[in-house]
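What follows is a set of notes on a single structure, which appears directly below.
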Amino acid sequence: MPTIRANDLEIAYEEIGSGPPLVLLHGASTTGRETFAAQIPALAEAFRLYLPDARGHGRTLWDAADGFEAEWLVDDLEAFVDGLGLATFHLIGYSMGATTALGFAVRAPERLRTLVVVGSTAAREPRAAVGRRLMDPERISRDDPAWAAEMALTIDAGQGPGAWRRLLSAIAADIDRQPLLTPAELRSISAPTLVAIGDRDPLVPVGQAWELSRQVRDGRLFVAPGSGHDVLTRRPALALEALRGFYRSTESIAKARAEALPEVPR
């Protein structure tokens, strides 16, 4: 797996496929290969995919005991795409990655050809309350030992013993305090945007997802029936069809946005 020096990190990433650049940001405690496993083969036929490991995940080394903030992930993404020389690109994020994607879209709206936000909104609750419960290491060890064992093999194997415990605690704590995007900031997101959600997502109610899709300038909403937070894995074929339809319908706009900014801003 290649790495690139960006924001004082060695960011590990995968690069797959050919076509316009599409950056995929994974959720907490996982990797891009896991988060988007069901969508990668089809998307790689139409796009060149970049799947970076967030700090503290996969092979991007970072000890969450030294801190973990959503804004740092936006900094990491900006440095990552700058290092690759991507002036503009398509961006999709899931859960934690979707929060990063929204932060970048507000910071540099002109650089996105399209934006897909899966399983996140600009609201704190119920994300914070549910996150505290779901990502509590003691609860996981007691009630979900299989997940604890999995993270010991995946996260701890690359990051060191006990890393998953520190990481999940730090992520949950950050949700409690991270600055929230304002309506004016969300309105600055000018790229065509798809907000995707499961109809039973405990972290992001459908009403909040609908509100986000209306706050951005050019938003659409996809609600997957019979799905919770893990919409990409629970309803993979339906999610892929929604993505395909979105990219088809916005192709001309995405091309025009790419032509408007041919070089990485300095």
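The figures here come from the full heavy-atom set of this structure, side chains too, leaving out hydrogens, waters and symmetry mates.
The shortest distance between side-chain heavy atoms of Leu77 and Arg107 does not fall below 4.5 Å. Residues Arg187 and Gln215 have side chains not in contact (no heavy-atom distance under 4.5 Å, counting atoms from C-beta outward). Annotation: side chain of Leu102 is in contact with side chain of Leu212 (closest heavy-atom distance under 4.5 Å). Counting heavy atoms from C-beta outward, Ile92 and Phe36 have side chains that approach closer than 4.5 Å. Counting heavy atoms from C-beta on, the side chains of Ser213 and Phe222 never come closer than 4.5 Å. Leu51 places a side-chain heavy atom less than 4.5 Å from the side chain of Ile40. Two residues are said to be in side-chain contact when any heavy atoms from C-beta on lie closer than 4.5 Å; Leu73 and Met96 meet this criterion. The closest side-chain heavy-atom distance from Leu167 to Met151 is not below 4.5 Å.
Applying the salt bridge (Lys or Arg N to Asp or Glu O under 4.0 Å) test to Glu110 and every residue at least two apart in sequence or in another chain returns nothing. Listed by chain and number, the residues in a salt bridge (Lys or Arg N to Asp or Glu O under 4.0 Å) with Arg48 are Glu15 (sequence neighbours excluded). For Ala260, the side chain to side chain contact (heavy atoms under 4.5 Å, CB included) criterion is met by no residue, not counting sequence neighbours. For the salt bridge (Lys or Arg N to Asp or Glu O under 4.0 Å) test, no residue two or more places apart in sequence or in another chain qualifies with Glu211. For Ala65, the side chain to side chain contact (heavy atoms under 4.5 Å, CB included) partners are Asp63, Arg166, not counting sequence neighbours. The side chain to side chain contact (heavy atoms under 4.5 Å, CB included) check on Arg200 picks up nothing, with sequence neighbours excluded. By the salt bridge (Lys or Arg N to Asp or Glu O under 4.0 Å) test, Asp201 is found to be paired with no residue, residues two or more places apart in sequence or in another chain being considered.
Separating the CG atom in Leu115 from the NE2 atom in His90 is a distance of 11.5 Å, to the nearest 0.5 Å. Considering NE2 of His229 and OG of Ser120, their distance stands at 7.5 Å, rounded to 0.5 Å. Atoms OG and CG, from Ser227 and Leu238 in turn, are 9.0 Å apart once rounded to the nearest 0.5 Å. Atom CD of residue Glu241 and atom CD of residue Gln39 lie 12.0 Å apart, to the nearest 0.5 angstrom. Interatomic distance, CD of Glu10 versus CD1 of Ile4, reported as 9.0 Å (0.5 Å rounding). For the atom pair Leu181 CG and Ile189 CD1, the distance stands at 7.0 Å (nearest 0.5 Å).
Under a cut-off of 6.0 angstrom, the local environment of CD in Glu69 is crowded, with over 12 non-hydrogen atoms contributed by other residues, nucleotides or ligands.
Pairs engaging residues 254-265 under the side-chain hydrogen bond (donor to acceptor under 3.5 Å, both in side chains) rule: Ser190-Arg257 [sequence neighbours left out]. Counting only residues at least two apart or on different chains, the salt bridge (Lys or Arg N to Asp or Glu O under 4.0 Å) pairs with a member in residues 137-163 are Glu138-Arg165. Pairs passing the ring-ring contact (aromatic ring centres under 6.0 Å, His included) check and including a residue from residues 103-160, sequence neighbours excluded, read Phe89-Phe104.
Of the possible polar contacts, one joining the Arg124 side chain to the Gln178 backbone as a donor-acceptor pair under 3.5 Å is found. Not one N or O on the side chain of Thr60 forms a donor-acceptor pair closer than 3.5 Å with the backbone of Gly56. Although no hydrogens or angles enter the test, the distance criterion places no donor-acceptor pair under 3.5 Å between the side chain of Asp218 and the main chain of Ala191. Here the side chain of Arg234 pairs no donor or acceptor atom with the backbone of Leu232 at under 3.5 angstrom.
Classification of the Trp62-Trp72 ring pair by plane angle, with boundaries at 30° and 60°, yields perpendicular. Note on ring orientation: taking the six-membered ring where Trp is involved, the planes of Tyr50 and Tyr13 are tilted (angle from 30° to 60°).
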Distance-only donor-acceptor hits, side chain of residues 242-249, under 3.5 Å, sequence neighbours excluded:
residue	atom	partner	partner atom	Å
Ser249	OG	Gly245	O	3.2
Ser249	OG	Phe246	O	3.0

For residues 17-29, dump all side-chain donor-acceptor pairs below 3.5 Å to protein atoms at least two apart in sequence or in another chain.
residue	atom	partner	partner atom	Å
His26	ND1	Thr30	O	3.3
His26	NE2	Ala54	N	3.0

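When hydrophobic clusters are built by joining Ile, Leu, Val, Met, Phe, Trp and Tyr residues whose side-chain heavy atoms come closer than 4.5 Å, directly or via intermediates, Ile16 is not grouped with Leu84.
Contact check on Asp53 versus Arg33 returns no salt bridge, with no Lys/Arg side-chain nitrogen under 4.0 Å from an Asp/Glu carboxylate oxygen. Looking at Asp82 and Arg111, a side-chain N of the basic residue comes within less than 4.0 Å of a carboxylate O on the acidic one, giving a salt bridge.
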